Amino acid sequence: DQIVLFPEKLDQIIPQDHSVRIIDDILCRLDWSKWEQAYNRRIGQPPIHPKVIAAVILYGNLCRIRSSRALEEALSVRNDFRWLAEGRTIDHTTISEFRRKNPEALKDIFVQIVLVARDLGHVPLASLGFDGTRMRANNRKTGTRTPEELRKAKAELEAKFSQLEAKAAAADQQDEERLGEGSDHKISEELADVERRRQQVDAALAEIDRLSAQGEKVPARIPITDPHSRVSPNKEGGFAPNYTPHATVDIDSGMVVSADVISEANEDKQMLPAVEDVKASFALEQAPGEMLADGMMSTGDNLAKCEEAGIDLYSPIKLGGQADNPAIREDPSV
């Protein structure tokens, strides 16, 4: 309860060499005119400058604080976030909506940050690391259907929807029954449920049509709730609908320089495209000289393409059976 006679400025609390000052300094050097043109300053409350919200999101990634609610809390309890937001309090809805509406622009800002950091010598882009993981989709394991089951379900749901529509139309003609316990209120709820399920089936069938049009293999089973995901091995064992995010990192700085999310569990085929993405994003004349990856990436195709591109790939290679592998033996003490 002691009263401070001379209160400190917020700027005095943050050390001069703190990383948050570097992020803010880089963002102040970028061009925000395109962002500013999207704001109508004549209506509503004065908007928060996009640099402030973008800085909070990007600095949150650096601090491994990614959720909108966690960022809102950090703006209240952490001095570095308070300093970065210039003392503003930003609710999680504003942060979430900003991130949802500006994904490509945020990616472009991130690339510009890495370019500035590279000019300052912080990101040499000489050695890259690549890896992927598995993340559960918003779809239960049993919520998958074969293409034949989906087409059959669509026909059944359309017939059911037509029946319920006819019942609802008949109920609408009787005002007294509309107030009854078993009237059109329940029919409307059932109609809405059938319509929701029909939309899910249509989305799954649309995904099948997209794959067929592009000449890609149609999976044996398509998830209903999240049709863009695929049934693949879980990290904890077993199988379920999953996505496969992958990231490419500059080894010297630890900065993520490329990232994407795919449906299939074949991230080994994404390593070389990720290198090309880094080259294109940062205008490199040639690919980085070294690539670090786990044993899944040491396929014959990747090894051949890395040699052709002049990339030294450091990745464990699976050895043969027991006769070829010195780590496998009957007596481990020998």
Side-chain angles (χ1 to χ4, degrees), residues 1 3-4 6-118 120 122-123 133 135-138 226 243 245 247 249-250 253-261 281:
D1 296 329
I3 298 176
V4 179
F6 299 105
E8 291 183 299
K9 293 182 180 179
L10 186 58
D11 189 62
Q12 295 174 335
I13 302 175
I14 307 300
Q16 292 298 320
D17 58 349
H18 198 285
S19 58
V20 71
R21 291 185 180 272
I22 299 175
I23 292 292
D24 183 69
D25 183 52
I26 292 175
L27 289 175
C28 288
R29 298 170 186 260
L30 303 183
D31 182 15
W32 295 92
S33 57
K34 292 184 179 180
W35 294 71
E36 293 169 350
Q37 292 173 4
Y39 287 79
N40 188 342
R41 304 183 184 183
R42 298 182 179 180
I43 60 175
Q45 298 181 355
I48 302 174
H49 196 280
K51 180 188 81 69
V52 177
I53 307 180
V56 169
I57 293 174
L58 295 172
Y59 183 64
N61 287 335
L62 183 64
C63 299
R64 299 186 179 183
I65 302 176
R66 298 179 178 87
S67 75
S68 302
R69 293 183 183 275
L71 289 172
E72 180 184 11
E73 181 184 19
L75 287 167
S76 300
V77 301
R78 288 187 51 158
N79 287 329
D80 51 350
F81 277 88
R82 292 177 59 203
W83 180 90
L84 186 62
E86 300 171 356
R88 293 181 177 88
T89 55
I90 308 174
D91 63 88
H92 63 273
T93 303
T94 302
I95 297 172
S96 177
E97 286 297 301
F98 184 88
R99 182 157 40 194
R100 183 182 64 82
K101 294 179 179 178
N102 303 286
E104 293 301 322
L106 281 171
K107 180 180 178 180
D108 180 64
I109 289 295
F110 178 76
V111 170
Q112 292 185 57
I113 289 175
V114 178
L115 285 172
V116 174
R118 186 175 176 230
L120 296 175
H122 298 306
V123 186
T133 187
M135 293 187 66
R136 294 289 295 270
N138 187 25
D226 210 344
Y243 285 105
V249 179
D250 176 69
S253 65
M255 274 194 168
V256 176
V257 291
S258 177
D260 199 1
V261 179
S281 297

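Bear in mind the structure is a predicted one, so any value in this text is a computation, not a measurement.
Note that the CD1 atom of Ile57 and the CD1 atom of Ile65 stand 13.0 Å from one another [nearest 0.5 Å]. Separation of atoms OG (Ser258) and CG (Asp250) is listed at 12.5 Å; rounding is to 0.5 Å. Here the straight-line distance linking atom CD1 of Ile53 with atom OG1 of Thr94 works out to 6.5 Å at 0.5 Å rounding. For the atom pair CZ (Arg100) and OG (Ser68), the distance works out to 11.0 Å, reported to the nearest 0.5 Å. The CG atom of Leu58 sits 4.5 Å away from atom CD1 of Ile113, with the distance rounded to the nearest 0.5 Å. Distance check, rounded to the nearest 0.5 Å: CG of Asn61 to CG of Leu71 gives 8.0 Å.
Across Leu106 and Ala54, no two heavy atoms sit closer than the pair CD2-CB, 4.0 Å. Between Pro15 and Ile13 the shortest heavy-atom distance is CD-O, 3.4 Å. Val261 and Tyr243 get closest at one heavy-atom pair: CG1-CB, 3.9 Å. Gln16 and Arg21 make their closest contact through O-CD, 3.4 Å (heavy atoms, listed as atom of the first residue, atom of the second, distance). Closest approach of Ala137 to Asp226, counting heavy atoms only: CB-OD2, 3.6 Å. Smallest separation of non-hydrogen atoms from Ala85 and Val52: CA-CG1, 3.8 Å.
Gln12 places a side-chain N or O within donor-acceptor distance of the main-chain N or O of Lys9, the cut-off being under 3.5 Å.
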| field | Residue pair Val249, Val257: steps toward the side chain to side chain contact (heavy atoms under 4.5 Å, CB included) verdict | value | CA-CA 6 Å; Val249 179; Val257 291; 6.0 Å; no
| message | The test is side chain to side chain contact (heavy atoms under 4.5 Å, CB included); show your working for Val20 and Phe81 and say whether it passes. | response | CA-CA 8 Å; Val20 71; Phe81 277 88; over 6 Å; no
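The closest side-chain heavy-atom distance from Asn79 to Leu10 is below 4.5 Å. You'll find the side chain of Ile109 stays beyond 4.5 Å of the side chain of Asn102, heavy atoms only. Considering only heavy atoms from C-beta on, Asp11 comes within 4.5 Å of Trp83 through its side chain. Counting heavy atoms from C-beta outward, Ile95 and Leu75 have side chains that approach closer than 4.5 Å. In this structure the side chain of Asp260 never reaches within 4.5 angstrom of the side chain of Pro245, judged on heavy atoms.
Applying the side chain to side chain donor-acceptor pair (under 3.5 Å) rule to pairs touching residues 103-112 yields Asp108-Gln112, sequence neighbours excluded. Sorted by first then second residue, the salt bridge (charged side-chain N to carboxylate O under 4.0 Å, His left out) pairs that include residues 70-87, not counting sequence neighbours, are Arg78-Asp80, Glu86-Arg88.
The environment of Arg66 atom CZ is dense: over 12 non-hydrogen atoms of other residues, nucleotides or ligands sit within 6.0 angstrom.
A salt bridge does not link Asp24 with Arg29: every distance from a Lys NZ or Arg NE/NH1/NH2 to an Asp or Glu carboxylate oxygen is 4.0 Å or more.
By the ring pair (Phe, Tyr, Trp, His ring centres under 6.0 Å) test, Trp35 is found to be paired with Trp32, Phe98, residues two or more places apart in sequence or in another chain being considered.
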